[in-house]
J.: 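Would you mind keeping the following structure in view while I ask a few things?
The structure presented is a predicted model; accordingly, all values stated were derived computationally and were not measured. We name chains A, B, ... by the order of the sequence lines, and we start the count at 1 in each one.
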Protein chains: 2
Amino acid sequence: MVRVLNGGATVSADRTERVIRAVKELDYVTNGVAAGLSRGRTGLLGLLVSDIANPFTAQAARGLEDEAVRRNYQVLISSSDFDPGREAQILKSFARRTVDAVALMSTGEAAEGVQRLIRNGIPTVLIDRRPPDVLSVPLVRTDSLSAARDAVRHLIALGHTDLGMISGPPGMATAAQRLAGFRAACTEAGLRVRPECVREGFLGSEGGHRAMLEILDLPVRPTAVFSFNNMLAVGALGALRERGVHLPEDLSMITFDDTDLFPFIDPPLTAIAQPAYEIGSAAGKLLFDELDGIAGPAAGRDVVLPTELRVRRSCAQVTATRAADRIQ
Amino acid sequence: MVRVLNGGATVSADRTERVIRAVKELDYVTNGVAAGLSRGRTGLLGLLVSDIANPFTAQAARGLEDEAVRRNYQVLISSSDFDPGREAQILKSFARRTVDAVALMSTGEAAEGVQRLIRNGIPTVLIDRRPPDVLSVPLVRTDSLSAARDAVRHLIALGHTDLGMISGPPGMATAAQRLAGFRAACTEAGLRVRPECVREGFLGSEGGHRAMLEILDLPVRPTAVFSFNNMLAVGALGALRERGVHLPEDLSMITFDDTDLFPFIDPPLTAIAQPAYEIGSAAGKLLFDELDGIAGPAAGRDVVLPTELRVRRSCAQVTATRAADRIQ
DNA sequence: TTGTACGCGTTATCAG
DNA sequence: CTGATAACGCGTACAA
């Protein structure tokens, strides 16, 4: 029976036919758990994300899934909610389930968990960011630093000289990189960044909300703000509305990550678009290359995908008079 | 060893200690596949959605996941992309993997797949919509019909008398219900709905795009349009922009589903909010009730969650003069 | 308290 | 081409 179902072997015609009929009748399905135990492969991909409800994440997940479907794989998605403890649990459960490969958007403290995975010979890739002490695992990402720098240069080209940023936890690689890009652009333009204009450690839309309120409550507001990601930007929009601050007349804003709806916001949000879906599928390809033995787990396999600065209308040109206004 | 790891049995102190030390040293993790085979339970929940990248879906998935995490379960998410064939495959693979329970947002033709699940004794719940011939499985949803009717009543109260709708495939229960609600509101107000103003069969944002273009190209445009869901609405916004049609002066629009960003759109979109997260967690609770033997797979367990009409500024009052304009 | 043997449903291998 | 059988690693029941 096995032979007719799994194919490959040669079976007599009548036997084949009898078997398929019986299978139809009982609508028998082979037990994948038993098969997994026997073969040592489960056909499962583990995907650890911070929050599947984040559009960027969901898109990436979709990219990975589509890649998985081609090979008859399925994806086990778990959200860590930026909690390192939770992340460790999830990674452990991936190991327990002996998923065939793992992709993860780490909080930044996943070292042990990842070590276990590679020790168990489970192909692993990082998405978006690399935890400090996890080398030897490929990473699929965009160039946060230079994308952020370009975005801030755009602000500076518009005449802004007093900039602010709302950023994520310093320990998160992308947050650090985007902040570094922000500072790099300022430095090269000879601009001083007021420390109080850089608010770090925020996550999620209500994090963005709080961060923007803090900036708006500053004695002297910056004229432009750079947001670490889409979620923070959404929260920031809420804060702006509450305070009656209008983009771009009262403040300019630019954000990392783009969304279907950013073009339709009032005003359309200038944003740095990342190819989320492609990031996910690239991660999938890397994983399958390794599973197929095409590539080893060697380093040097990082994939850097391009970003695109989409200039819309949330950033205003600073006029001489307005600059003067602020000085007084 | 088993006894110390799994607890329950009584084991001598030194043995316990030696075991845990050895486990630590080798960082041994029990093989979940083998355990699953032996116990007949995998600790897996299957979640079949149309598209995990849809924000509504992602939120619901998150709700289900959070409920699952409490019981040490994980969620296997698969996107059908509204393809019945794909959906059948996924359901079959859920059966093969012997997931412990399944939640699904069906395309509408999942009868066979679901039958197999219940025959195999796998607790199953429907989310959002019930395929025509699948009874005997509980459904978690909102009241599409009355929510749609209320929304359209809102339009009518504003003075609109010539309404349009862009809807999903007629075979999708929610699409049918929302359209029915639309018609009900019109009928009770004595309004005639021009057939060409009802565009059915669209999905995804580019579906919404096409549908809205069709409406805009009508010889006589309706004054207000009701959108079946969030994705269609996003596509519709793009179409409006292309054609230079402005909400709400040139056209009023209202949509099923709300989003973080709809309040910030220009103009803020009036929308019917569904508690997506709660829908997901309710589905999870139903599933676990059945797994825990608290409840049988009996019918009558449907859960209907409330919606909320969030009136913003995408719908205009129709003035007598403007109505007159159209007549000429 | 501890050791041991069997079964879970496949896959893979080896004889026939 | 076909049938029989040993893993796979863990639960569980039973014996010591």
J.: Can you find a heavy atom in the side chain of B/R141 that is under 4.5 Å from one in the side chain of B/L305?
T.: no
J.: Could you tell me whether a side-chain N or O of B/R129 sits under 3.5 Å from a main-chain N or O of B/M172, the two making a donor and an acceptor?
T.: no
J.: Take B/S281 and B/E67, measure what side chain to side chain donor-acceptor pair (under 3.5 Å) needs, and give me the verdict at the end.
T.: CA-CA 6 Å; B/S281 55; B/E67 208 58 41; 4.6 Å; no
J.: Hey, is the main chain of A/I122 close enough, under 3.5 Å, to the side chain of A/N120 for a donor-acceptor pair?
T.: no
J.: So which protein nitrogen or oxygen atoms get under 3.5 Å of nucleotides 12-16 of chain C's nitrogens or oxygens?
T.:
none

J.: What's the CZ-C1' distance between B/R18 and C/dT2, to the nearest Å?
T.: 12 Å
J.: Which one, D/dG11, D/dT2, D/dG9, comes nearest to the side chain of B/A35?
T.: D/dG11
J.: How long is the line joining CZ of A/R41 and P of C/dG9, in whole Å?
T.: 21 Å
J.: Atom CG of B/N31 to atom C1' of D/dC10: distance rounded to whole Å?
T.: 8 Å
J.: State, to the nearest 10°, the angle formed by the axis through the first five base pairs of the helix from C/dT1-D/dA16 to C/dG16-D/dC1 and the axis through its last five.
T.: 50°
J.: Of all heavy-atom pairs between B/V125 and B/V137, which one has the smallest distance, and what is that distance?
T.: CA-CG1, 3.8 Å
J.: Okay, side chain of B/D289, backbone of B/I294: is any donor-acceptor separation there less than 3.5 Å?
T.: no
J.: Between A/D14 (CG) and D/dT2 (C1'), how many Å, whole number?
T.: 12 Å
J.: At 4.0 Å (heavy atoms only), tell me whether A/V33 reaches a base, stays on the sugar-phosphate, or touches nothing.
T.: nothing
J.: Taking NZ, NE, NH1 and NH2 as the nitrogens, is one of them in A/D81 or A/R86 under 4.0 Å from a carboxylate oxygen of the other?
T.: no
J.: Do A/E65 side-chain atoms and B/S78 backbone N/O form a donor-acceptor pair below 3.5 Å?
T.: no
J.: Is it true that atom CD of B/Q115 has more than 12 heavy atoms of other residues, nucleotides or ligands lying nearer than 6.0 Å?
T.: yes
J.: Expressed in angstrom and rounded to an integer, what is the separation of A/L37 atom CG from C/dT10 atom C1'?
T.: 8 Å
J.: Could you work out which one of C/dT10, D/dC10, C/dC8 sits closest to the side chain of B/Y28?
T.: D/dC10
